[in-house]
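Inspection log for the structure reproduced underneath, given as structure tokens.
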Amino acid sequence: MTKNNFKLNYIKCPNCKNILDLTDVARGCPNPLCQFSFKGLEALLVKNNSELHKAILSAYKGNDERKIKLLATAVRNYIAVYLANFIQYAWGSQMQRLFKNFIILYLDDLNALQIVLKSKVIKPDKDNTVISKNNYKIFPELYNYLMRVHSTEIRNFLRLEFPKLYRDWYKKMHERSIKPIISNQSRLV
Ligand SMILES: [Zn+2]
């Protein structure tokens, strides 16, 4: 695993989206209308990804809403680490799980994505690397993966930052969605 240079030094309150310094966590969310308690978060921040995933499944099973929010906060704190690992060690089955269990659902912090796309985990001199005007780097296969994340903010950024890749992606999606209709029609004729 890539070490902590991708670990974010802040968390977002899962209730009000306030950005908090990690050292403020002990005091709880400072927003007087929210006051979410982060008690228990520190223990979650040292868990590895498979432990976190197991804990998330069990929190959902037990309908433990506060625990679910704490776990999501821990995952989001590591989301840039997961993404960097996914890129570096892709595309084995363990990395696919990382994508499916965490990145697709919890990557919703533009800053986390931008840190990774500006970092050395994407080599600028590879043939298929695309560098945007603002110096973000990506390559088509990664682009197509990231266009699957649930966050519209992330997908909007990718659309605007990499217009050519977006057009290719869009064309591919469009072709995929109209193919069955065409083949049905040709059968009818
Ligand atoms: Zn809050």
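Whatever order the structure lists ligands and atoms in, that order sets their numbers, starting from 1.
Ring planes of Tyr106 and Phe102: tilted class, angle from 30 to 60°.
Between Arg76 and Asp109, none of the side-chain N atoms (NZ, or NE/NH1/NH2) sits under 4.0 Å from a carboxylate O, so this pair counts as no salt bridge.
If you look at the Zn ion (ligand 1), the protein N, O or S atoms less than 2.8 Å from it are Cys13 SG, Cys16 SG, Cys29 SG, Cys34 SG.
Minimum interatomic distance between Phe36 and Pro14 (heavy atoms only, all atoms of both residues): CE2-CG, 3.7 Å.
At a cut-off of 3.5 Å, with distance as the only test, no side-chain donor of Tyr143 or Asp168 sits close to an acceptor on the other residue. A donor-acceptor pair shorter than 3.5 Å can be found between the side chains of Asp21 and Thr23.
Within the structure, the salt bridge (Lys or Arg N to Asp or Glu O under 4.0 Å) test picks out the following pairs touching residues 25-42 (sequence neighbours left out): Asp24-Arg27.
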